[in-house]
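Below, chains carry the letters A, B, ... as their sequence lines are ordered, and counting in each starts from 1.
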Amino acid sequence: MSSHDLLDIVRRDPRAEWIARNRLHPLHGTLVDDDAAEVRGPSGLLRKYPHRVGFIGPNGIKRIDRLKGNAAASGKGRRSAAQEVQLPLHRVENPDFYIVVVADMVGGRLTGHDKDVLGQAHKLAAGIEGAGAVLTVGFGSAKEEHFDTAGVDRLLVLDDDIYEGYCPEQRLAALLQVENEYQPRHWLFPDSVNGGTDLGSRLAARLHERPAVQAWQVDHQTAVCRGAGGTMDITRETPRLLMLAEECADQIDETRHEALPVTLTPVSVISQLQDQGPVAVDPNAVALAEAEFILSAGNGIHDWDQFHAAAAVLGATEGASRVAVDDGFMPRFRQVGATGTWVTARVYLAVGISGAIQHMQGIGQCDKVIAINTDAGCDMVKRASLSAIGDSEEILGELIKRVQAFRAQPSIEGDQDAA
Amino acid sequence: MQPNSSQKLKIVTLVSVGKHPQSGRVRRADQDSRAVELGLRLSADQADGLVVLHAGDPNEPSLRSYAGMGLTAINVLQLDPAADAVAPLGEQLHQSGADIVLTGVRAESGEGSGMLPYQLAEKLGWSIVPRVADIVSVKEGVAEVLQALPRGQRRAVKVRLPFIASIDTAAPMARQSAFGPAQRAAMTVTVVNAETDTLRQSWHEAVAKKRPKRLKVIKAKTAAERFKAATAKSQSEGGRIMKQESAGEQAQAILDLLVEEGVLR
């Protein structure tokens with residue numbers, strides 16, 4: 001008891017304090033911890049050491065960062081070192097149950113709709129007792145790099161050859177395997193034209209489930225879904241299989257997930273449907289708003305015949321900026337932008353468009369933007385994932401040649417395969 | 001569309017009661033009428049080749065607007081409005097037999113889940129081809145079908161008869177409905193007994209509420225971050241800029257990206 005009291009007494013060492021105050025003393029460094037700008041004093045008070053706050057700026061002047069590293073990146077060198085925030089990892093070691101999300105994975109990447117459904121899956125899992133894992137099933141080769149931040153706990157990518165192309169029966173067989181192996185608590189599909197509805201309906205019919213379709217407000221007890229062509233709201237108990245509307249729930253953005261790969265042995269089934277491949281459609285007959293690949297022309301185009309030829313060779317739908325339309329080179333219904341059409345193309349190839357804000361709004365939903373421009377500092381180049389700086393006529397000419405060569409090449413390979 | 005005329009195709013189109021999306025008035029459903037149109041085209045050279053089947057109330061006025069497309073009769077399975085139509089429809093198709101069954105993708109009234117063709121296919125053990133834009137040919141028991149894909153694309157699919165096809169809005173437009181033939185068409189009514197859809201009776205149905213718009217939540221911790229979010233200008237997202245390379249190299253890089261994205265067909 002008494003010894004404990006003795007230990008509680010703070011004993012000062014006047015000499016050590018004196019050395020600590022005197023920065024010129026040879027022993028100063030041994031007594032003072034250089035790293036901490038804030039230390040607890042002997043009486044427990046927080047001591048700030050004003051000499052150690054801040055850092056020495058590039059021109060030798062002391063800087064104190066009172067924004068704690070959140071200031072707008074101004075320096076050229078420092079922007080690349082932007083704060084890469086490491087989100088907390090959500091880990092599910094031994095899941096009590098699974099929620100399966102069958103993602104559309106258009107072009108091998110999670111769509112926004114897929115991410116909404118993943119968010120919904122975590123919302124459902126949170127409402128159910130026990131630790132649930134979200135198993136994501138994707139067909140075809142996956143190009144997605146951010147499964148972890150999208151909320152995927154377990155990842156099943158079925159990229160065998162038998163799942164290539166349109167093979168709903170084959171995919172259904174794989175889902176039935178998942179059903180047997182994991183007995184998921186819920187099956188979630190995006191209610192989309194990209195295959196989610198088809199697969200979900202097939203599975204529901206096979207499992208004799210009554211799915212909720214176009215569900216837009218779902219928790220673990222009730223689901224609200226649109227019926228009667230979107231004119232009625234049906235409130236019902238949450239079924240086991242759901243096909244969810246877009247923006248059904250918020251996407252995952254505050255956690256990282258494991259995305260542990262799991263495997264499944266592929267089982268081949270005899271398919272009644274034979275995919276004969278895509279049928280060539282005239283790209284210019286496709287509405288601009290829903291075209292997948294747009295070649296768009298702006299003020300930088302001078303050889304319009306070459307531009308039309310390039311669009312034909314690439315198989316791209318033609319678009320134009322407002323300037324090109326106003327100058328009479330393109331019809332009004334080809335105009336992209338806030339005053340024209342808001343496009344949703346996956347790939348947008350902008351030739352000679354510097355990117356007025358109205359135009360940038362119009363291409364806001366495009367995934368990949370490629371810019372061909374003479375000005376490296378324009379807004380379109382900033383937005384683009386690939387920019388070629390140079391003369392558009394020259395680059396388009398080269399592109400036409402190379403695409404023609406590329407188109408000639410696969411047929412040779414195909415002949416070799418056949419032989 | 002050149003269906004093989006040597007063999008007689010039996011085509012059944014299932015029709016439902018449509019509802020205008022704005023006015024809510026009863027009408028012929030858009031996709032179902034396209035399915036009738038496609039059925040009429042496929043069976044153009046056969047008298048009474050197309051059977052149009054409806055499960056529900058035979059006095060429904062919208063059925064007449066299907067009949068006005070040039071049908072001589074509509075077969076109606078009369079059942080209770082609360083009954084489940086899948087079982088009697090499956091029974092009817094099983095008994096009468098069919099080569100091609102055409103439906104819409106989703107009904108404009110009722111639950112509108114789009115499950116009926118799938119449930120029928122499961123029940124009968126037939127194939128289902130969803131979102132069909134056109135049936136190109138039927139030869140030796142195999143049909144070549146064009147499927148409507150998003151972004152205006154089409155896919156050719158071969159399927160063995162019999163099959164069920166749900167018709168997309170990309171299919172050819174339905175012909176006009178004429179009043180006279182609509183009144184003259186016969187309604188062949190068969191009264192059937194069907195189980196009541198008990199699950200649906202526990203549901204609560206209401207007029208659709210407007211969905212709340214998703215808000216852009218800014219998760220900023222400091223004033224500076226909020227300011228940045230409010231005034232953000234388009235910044236480079238680390239895109240690749242090719243400045244010094246020759247036009248050939250630039251074109252090759254563009255081509256590689258196009259190939260990687262799979263847009264070159």
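Residues B:Glu111 and A:Arg210 are paired through a salt bridge, judged by an N-O separation under 4.0 Å between the basic side chain and the carboxylate. No salt bridge links B:Lys19 with B:Glu108; every basic N to acidic carboxylate O contact stays at or beyond 4.0 Å.
For chain B, the nearby parts of A:Val279 are the backbone and the side chain; heavy atoms of each come within less than 4.5 Å. Residue B:Val142: no heavy atom, backbone or side chain, is found under 4.5 Å from chain A. If you measure heavy-atom distances from A:Val347 to chain B, the contacts under 4.5 Å come from the side chain alone. Only the backbone of B:Ala107 comes within contact range of chain A, judged by heavy atoms closer than 4.5 Å. With a 4.5 angstrom heavy-atom cutoff, A:Ala223 does not touch chain B via any of its atoms. For chain A, the nearby part of B:Arg106 is the side chain; its heavy atoms alone come within less than 4.5 Å. For A:Asp367, no part lies under 4.5 angstrom from a heavy atom of chain B. For B:Leu120, no part sits under 4.5 Å from any heavy atom of chain A, backbone or side chain. With a threshold of 4.5 angstrom between heavy atoms, A:Pro211 approaches chain B through its backbone and through its side chain. Neither the backbone nor the side chain of B:Glu245 comes within less than 4.5 Å of any heavy atom in chain A. Of the atoms belonging to A:Ile372, it is side-chain heavy atoms, and not backbone ones, that fall under 4.5 Å from chain B. Of the two parts of A:Ala371, neither the backbone nor the side chain holds a non-hydrogen atom closer than 4.5 Å to a non-hydrogen atom of chain B. Both the backbone and the side chain of A:Leu273 come within contact range of chain B, with heavy atoms under 4.5 Å apart. Heavy-atom distances place the side chain of B:Gln147, and not its backbone, under 4.5 Å from chain A. Only the backbone of A:Ala291 comes within less than 4.5 Å of a heavy atom of chain B; no side-chain atom from C-beta onward does. Both the backbone and the side chain of B:Arg211 come within less than 4.5 Å of a heavy atom of chain A. Residue contact with chain A, scored on non-hydrogen atoms closer than 4.5 Å, is absent for B:Leu149. For B:Leu257, the part lying near chain A is the side chain, with the backbone staying farther off; criterion is any non-hydrogen pair under 4.5 Å.
Ranked by non-hydrogen atom pairs under 4.5 Å with chain B, the options A:Glu237, A:Arg109, A:Gln217 are led by A:Arg109. Comparing B:Val259, B:Val105, B:Val129, B:Asp168 by how many heavy-atom pairs each has under 4.5 Å with chain A, the most go to B:Val259. The residue among A:Gly227, A:Gly230, A:Gly107, A:Gly277 with the most heavy atom pairs within less than 4.5 Å of chain B is A:Gly277. With respect to chain A, the highest number of heavy-atom pairs below 4.5 Å among B:Arg155, B:Gln244, B:Glu144 belongs to B:Arg155. Contacts with chain B were tallied for A:Val281, A:Leu314, A:Leu386; A:Leu386 has the most, counting heavy-atom pairs under 4.5 Å. Contact tally against chain A (heavy-atom pairs below 4.5 Å) for B:Gly112, B:Ala148, B:Ser127, B:Pro130: the top residue is B:Pro130. For chain A, the option among B:Ala121, B:Gly248, B:Gly262 with the highest count of heavy-atom pairs below 4.5 Å is B:Gly248. The most heavy-atom pairs under 4.5 Å with chain B, out of A:Val286, A:Val403, A:Asp253, A:Thr231, come from A:Thr231. The candidate from B:Arg131, B:Met242, B:Arg160 with the greatest count of non-hydrogen atom pairs under 4.5 Å with chain A is B:Met242. Ranked by heavy-atom pairs under 4.5 Å with chain A, the list B:Glu260, B:Arg154, B:Glu249 is led by B:Arg154. Taking A:Ala376, A:Gly397, A:Ala205, A:Gly315 one by one and counting their heavy-atom pairs under 4.5 Å with chain B, the maximum is reached by A:Ala205.
In this structure, the separation between CD on A:Glu290 and OG1 on A:Thr317 is 9.5 Å, given to the nearest 0.5 Å. Taken to the nearest 0.5 Å, the CD1 atom of A:Ile234 stands 5.0 Å off from the SG atom of A:Cys225.
Within a 6.0 Å radius of NE2 in B:His94, other residues, nucleotides and ligands contribute 12 heavy atoms or fewer. Atom NZ of B:Lys243 sits in a sparse spot, with 12 or fewer heavy atoms from other residues, nucleotides or ligands closer than 6.0 Å.
Evaluated for a side chain to side chain contact (heavy atoms under 4.5 Å, CB included) with B:Val86, the options B:Gln119, B:Glu91, B:Glu195, B:Met115 yield exactly one hit, B:Gln119. Under the side chain to side chain contact (heavy atoms under 4.5 Å, CB included) test applied with B:Val132, the options B:Val145, B:Ile164, B:Thr103 reduce to a single match, B:Val145.
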(request) Would you sort out whether B:Leu14 and B:Asp32 count as a side chain to side chain contact (heavy atoms under 4.5 Å, CB included), showing the intermediate values? (result) CA-CA 7 Å; B:Leu14 308 183; B:Asp32 293 357; over 6 Å; no

(request) Start with the C-alpha distance between B:Arg151 and A:Thr344, add both sets of side-chain angles, then the distance that settles side-chain hydrogen bond (donor to acceptor under 3.5 Å, both in side chains), and finish with yes or no. (result) CA-CA 9 Å; B:Arg151 302 187 176 281; A:Thr344 57; 3.3 Å; yes

(message) Assess the residue pair A:Thr111 and A:Asp104 against the criterion (side-chain hydrogen bond (donor to acceptor under 3.5 Å, both in side chains)); give the C-alpha distance rounded to whole Å, side-chain angles, the decisive distance to 0.1 Å, and a yes or no.
(response) CA-CA 7 Å; A:Thr111 60; A:Asp104 278 340; 4.8 Å; no

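Identified by a heavy-atom distance below 4.5 Å to chain A, the contributing residues of residues 196-209 of chain B are B:Asp197, B:Leu199, B:Arg200, B:Trp203, B:His204, B:Glu205, B:Ala206, B:Val207, B:Ala208, B:Lys209, in residue-number order.
With sequence neighbours left out, the side-chain hydrogen bond (donor to acceptor under 3.5 Å, both in side chains) criterion links B:Glu60 to no other residue. With sequence neighbours left out, the side-chain contact (heavy atoms from CB on, under 4.5 Å) criterion links A:Cys248 to A:Asp116, A:Gln120, A:Leu244.
Of the possible donor and acceptor atoms, one in the side chain of B:Gln250 sits under 3.5 Å from a partner among the backbone N and O of A:Ile389. Checking side-chain atoms of B:Arg27 against main-chain N and O of B:Ser65 turns up no donor-acceptor pair under 3.5 Å.
For residues 384-401 of chain A, every residue pair satisfying the salt bridge (charged side-chain N to carboxylate O under 4.0 Å, His left out) rule, not counting sequence neighbours, is listed here: A:Glu398-A:Lys401, A:Glu398-A:Arg402.
Counting heavy atoms from C-beta on, the side chains of B:Leu89 and B:Lys123 never come closer than 4.5 Å. Under the 4.5 Å side-chain criterion, counting only non-hydrogen atoms from C-beta, A:Leu176 is in contact with A:Leu207.
Pairing each heavy atom of B:Ser113 with each of A:Val213, the nearest pair is CA-CG2, 3.4 Å. Taking every heavy atom of both residues into account, B:Ser62 and B:Val17 meet most closely at OG-CG1, 3.5 Å.
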